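Worth saying up front: this structure is predicted, and the values here are computed from it rather than measured.
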Amino acid sequence: LGLVGVSAFLLLFPLALGRPGAPTHLKADEAAYYGMALSLGHDGDLRFSTADVDRFFVDFPYQPVNNLILMSADGWRTVSYTKPFVSSLFAAPVVHVGGAHGMLVFNTLLLVAMIWMGALYLRRYNDAGIAALFASGFFVLSVGFVYVYWLQPEVFNMAAICAALWLGLPREGEEEGLPRPRREVVLAALSGAALGLAVFNKPQLAAIALALLWSHWRE
């Protein structure tokens, strides 16, 4: 019940923000990632067009739009976004419906998923209440919580790494489901796929795989 209450509060909070809400303007690389989510959600491509400019204006009227990094291979007759697009691809359906607020909701969903993964992992070794309390505090009170309200892929990267660790760390004493060798192969594949999403954005995050390999080697 505690986890459900925390999750409901976190998910409802972005919906309570007035337009344009938080953030009030696009900063850092937000324009690129938010623009890609808009373009993928509405047009199904990564091309930058006047329609994208109009969509920016809907959520951020008369506000600066910085660091909109673009490229062209044909003398600027067609223009495309240049940032890694995987996080924007996952956010696109929610952004299509809710605009900038939708991207905040998407980030919050990822935050809630991390809290639940943390609680479920800690419940293997601790009381359920302690696991839920520590997991909630770890993610909500960390500096990572600030990035929920940035329209950038940091929270997506954190969630992908969290999923990779949750799926890939050893599971002592769990015998239900598939036979153990097959289950470990499936979990390893899913863990690698989750980590691959983060590595697509930040290649240096591949180093997380070393922690997973070390945890299994110690067994």
Side-chain angles (χ1 to χ4, degrees), residues 3 7 10 28-30 32-34 36-37 40 46 69 81-94 103 106-126 130-219:
L3 280 177
S7 302
L10 291 172
D29 290 329
E30 288 180 323
Y33 290 105
Y34 177 53
M36 286 191 293
L40 288 166
L46 291 170
I69 303 173
Y81 295 94
T82 63
K83 287 288 187 177
F85 65 86
V86 65
S87 60
S88 298
L89 177 63
F90 278 82
V94 190
M103 202 156 188
F106 175 70
N107 284 347
T108 306
L109 285 168
L110 295 176
L111 172 68
V112 169
M114 287 189 284
I115 292 172
W116 279 84
M117 283 188 284
L120 291 173
Y121 177 79
L122 292 173
R123 281 185 64 176
R124 301 175 192 172
Y125 313 101
N126 301 275
I130 294 296
L133 179 63
F134 189 89
S136 300
F138 180 84
F139 289 107
V140 174
L141 299 179
S142 73
V143 70
F145 179 73
V146 176
Y147 288 95
V148 172
Y149 299 96
W150 282 55
L151 309 185
Q152 296 193 166
E154 278 74 15
V155 175
F156 181 86
N157 293 340
M158 287 189 286
I161 292 170
C162 186
L165 293 172
W166 185 66
L167 292 164
L169 289 173
R171 297 169 176 246
E172 298 88 346
E174 293 191 7
E175 298 297 337
E176 72 280 0
L178 294 172
R180 181 169 182 176
R182 190 181 303 175
R183 183 176 71 246
E184 289 183 347
V185 170
V186 171
L187 289 174
L190 293 173
S191 176
L195 182 59
L197 295 175
V199 172
F200 187 87
N201 284 321
K202 299 284 184 182
Q204 59 267 37
L205 294 177
I208 299 295
L210 298 175
L212 293 168
L213 293 173
W214 173 256
S215 65
H216 284 276
W217 179 80
R218 289 185 62 187
E219 284 198 320

For Phe90 and Val86: C-alpha separation, side-chain torsions, deciding distance, then whether side-chain contact (heavy atoms from CB on, under 4.5 Å) applies.
CA-CA 7 Å; Phe90 278 82; Val86 65; 3.8 Å; yes
Phe134 meets the ring-ring contact (aromatic ring centres under 6.0 Å, His included) criterion, sequence neighbours left out, with none
With Val148 as partner, the option from Leu110, Thr108, Leu109 fulfilling side-chain contact (heavy atoms from CB on, under 4.5 Å) is Thr108
So CE of Met117 and SG of Cys162: to nearest 0.5 Å the spacing works out to 4.0 Å
Compile the donor-acceptor pairs under 3.5 Å between side chains in residues 186-208 and protein atoms, sequence neighbours left out, one pair per line.
unit_1	atom_1	unit_2	atom_2	d
Ser191	OG	Ala164	O	2.6
Asn201	ND2	Asn157	OD1	2.9

Residues Leu122 and Ala135: closest non-hydrogen pair is CD1-N, 4.2 Å
Within the distance-only criterion (no hydrogens, no angle test), does the side chain of Asn107 pair as donor or acceptor with the backbone N or O of Trp150 below 3.5 angstrom? yes
When rounded to the nearest 0.5 Å, the distance separating OH of Tyr81 from OG of Ser88 is 9.5 Å
Note: Met103 and Tyr34 closest approach over all heavy atoms is SD-CD1, 3.8 Å
Exercise. Would you say Phe156 has more than 12 foreign heavy atoms packed within less than 6.0 Å of its CZ?
Worked result: yes
For Ser7, the side-chain hydrogen bond (donor to acceptor under 3.5 Å, both in side chains) test, sequence neighbours excluded, returns Trp116
Between Phe139 and Met114, the two heavy atoms sitting closest are CE1-O, 3.2 Å
Applying side-chain contact (heavy atoms from CB on, under 4.5 Å) to Ser142 and not counting sequence neighbours gives none
Closest heavy-atom pair, Val155 versus Gly144, reported as atoms and distance to 0.1 Å, is CG2-O, 4.4 Å
The side-chain contact (heavy atoms from CB on, under 4.5 Å) partners of Glu154 (sequence neighbours excluded) come to Tyr147, Gln152
With sequence neighbours left out, the residues meeting side-chain contact (heavy atoms from CB on, under 4.5 Å) with Leu46 are Met36, Leu40, Phe85
